[in-house]
Amino acid sequence: MTAKEVCKRVWELSEPFAQEMGITLWDVTFEKEGGQYMLTITIDREGHTDIDDCEKLSRAVDPLLDAREFASLPPYTLCVSSAGLTRRLKRPEHFAAFLGSEVEVKFYRPVNGSKIAVGILKAYEDGFVTIEADGCTTVYEPKDIAAVRLSVTVLSLIHISEPTRLRCIS
């Protein structure tokens with residue numbers, strides 16, 4: 001069974017449990033990381049996904065992975081995790097859901113002198129990603145794109161209601 005076939009089959013097995021739990025399957029990957037294979041099921045839920053969601057889906061799917069059809073797989077670790085804030089956009093529905101959001105596009109090799117571009121996702125069609133940054137709209141070709149993720153900018157604001165005197169302690 002190829003990695004792609006494993007992912008498709010695990011998606012099929014996991015989806016009914018995810019729907020029953022009120023969560024959405026975001027992605028399924030089967031990849032070698034270092035010297036170990038990882039079967040990763042990534043989930044999402046409106047509002048937030050928590051460790052309980054991950055644990056419940058893992059417990060539901062794990063026994064099904066002992067079936068004969070998976071017997072030829074190399075030893076692997078099952079991981080169920082949240083899509084997270086900087087989630088990877090891979091499927092057309094991912095891109096559709098986040099049109100107008102800031103994304104980070106990583107390239108296999110430099111494009112226009114850089115291996116990364118950050119901007120507002122304007123369009124996605126047949127693997128072509130269009131972003132707008134600094135008033136310029138650029139379309140990137142699928143052959144150049146290694147990954148597209150949501151970009152999260154963290155702003156830390158401190159509100160002080162009354163003047164505060166700082167003391168140095170030596």
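- Hydrophobic clustering of Ile, Leu, Val, Met, Phe, Trp and Tyr side chains at less than 4.5 Å, counting indirect connections, unites Val61 with Ile23.
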Decide side chain to side chain contact (heavy atoms under 4.5 Å, CB included) for Thr138 and Tyr140; before the verdict, give the C-alpha distance in whole Å, the side-chain angles of both, and the deciding distance to 0.1 Å.
CA-CA 6 Å; Thr138 308; Tyr140 296 104; 3.5 Å; yes

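- A salt bridge between Arg9 and Glu5 is absent, with no side-chain N of the basic residue lying under 4.0 Å from a carboxylate O of the acidic one.
- No chain of hydrophobic side-chain contacts below 4.5 Å, direct or via other Ile, Leu, Val, Met, Phe, Trp or Tyr residues, connects Val139 to Tyr124.
- Judged purely by distance below 3.5 Å, without hydrogens or angles, the side chains of Ser151 and Glu104 never pair a donor atom with an acceptor atom.
- Taking each heavy atom of Ala83 and Thr42 in turn, the nearest pair found is CA-CG2, 3.4 Å.
- A distance of 9.5 Å separates CD of Glu33 from OG1 of Thr77, quoted to the nearest 0.5 Å.
- Note: Tyr76 and Tyr37 fail the aromatic proximity criterion, with ring centroids not under 6.0 Å apart.
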Passes side chain to side chain contact (heavy atoms under 4.5 Å, CB included), Met1 versus Glu69? Steps please.
CA-CA 8 Å; Met1 191 180 299; Glu69 68 182 303; 4.2 Å; yes

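- One distance of note links NZ of Lys122 with CZ of Phe95; it measures 15.5 Å at 0.5 Å rounding.
- Here the straight-line distance linking atom CD1 of Ile41 with atom OG of Ser81 works out to 9.5 Å at 0.5 Å rounding.
- Partner Asp27 forms a salt bridge (Lys or Arg N to Asp or Glu O under 4.0 Å) with one of Lys8, Arg149, Lys90 and no other, that one being Lys90.
- A side-chain donor-acceptor contact under 3.5 Å links Ser82 to the backbone of Gly84.
- What you find for Phe30 and Ala3 is that their closest heavy atoms are O-CB, 3.7 Å.
- Residues Leu64 and Met21 are members of one and the same hydrophobic cluster, defined by side-chain heavy-atom contacts under 4.5 angstrom among Ile, Leu, Val, Met, Phe, Trp and Tyr.
- Side chains of Asn112 and Phe107 form no contact here, defined as non-hydrogen atoms less than 4.5 Å apart.
- Of the charged side-chain nitrogens involved, at least one lies within less than 4.0 Å of a carboxylate oxygen, so that Arg87 and Asp44 count as a salt-bridged pair.
- For Cys7 against Val28, the heavy-atom pair with the smallest separation is SG-O, 3.4 Å.
- The two residues Glu132 and Thr137 come nearest to each other via the heavy atoms OE1-OG1, 3.7 Å.
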Side chain to side chain contact (heavy atoms under 4.5 Å, CB included) between Leu78 and Leu65, intermediate numbers included:
CA-CA 9 Å; Leu78 173 63; Leu65 298 174; 4.0 Å; yes

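- Counting non-hydrogen atoms of neighbouring residues, nucleotides and ligands closer than 6.0 angstrom, the CD atom of Glu20 reaches no more than 12 such neighbours.
- Although no hydrogens or angles enter the test, the distance criterion places no donor-acceptor pair under 3.5 Å between the side chain of Asp134 and the main chain of Cys136.
- Smallest separation of non-hydrogen atoms from Arg91 and Trp26: CD-O, 3.7 Å.
- Between Asp53 and Arg45, at least one side-chain N (NZ, or NE/NH1/NH2) sits under 4.0 Å from a carboxylate O, which counts as a salt bridge.
- There is no path of hydrophobic side-chain contacts, each under 4.5 Å, that joins Leu121 to Val118.
- Nearest heavy-atom pair, Asp144 versus Arg109, reported as atom, atom and distance to 0.1 Å: OD1-NH2, 4.4 Å.
- Val105 places none of its side-chain heavy atoms less than 4.5 Å from the side chain of Ile116.
- Interatomic distance, NE2 of His94 versus CG of Leu99, reported as 13.0 Å (0.5 Å rounding).
- With rounding to the nearest 0.5 Å, the separation of CG in Leu73 from CG in Leu39 is 8.0 Å.
- Within 6.0 Å of atom CD in Glu46, 12 or fewer heavy atoms from other residues, nucleotides or ligands are found, so the atom counts as exposed in its surroundings.
- The main-chain N or O of Val10 is found under 3.5 Å from a side-chain atom of Ser14 such that the two form a donor-acceptor pair.
- Without hydrogens or angle criteria, Ser101 side chain to Phe98 main chain gives a donor-acceptor distance under 3.5 Å.
- Using a distance-only test at 3.5 Å, with no hydrogens or angles considered, no donor-acceptor pair links the side chain of Thr29 to the main chain of Glu31.
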I would like to know whether Ile120 and Ile131 meet side chain to side chain contact (heavy atoms under 4.5 Å, CB included); could you show each step before the answer?
CA-CA 5 Å; Ile120 303 300; Ile131 67 169; over 6 Å; no

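- Going from atom CG of Leu25 over to atom CD1 of Ile43 covers 8.0 Å, rounded to the nearest 0.5 Å.
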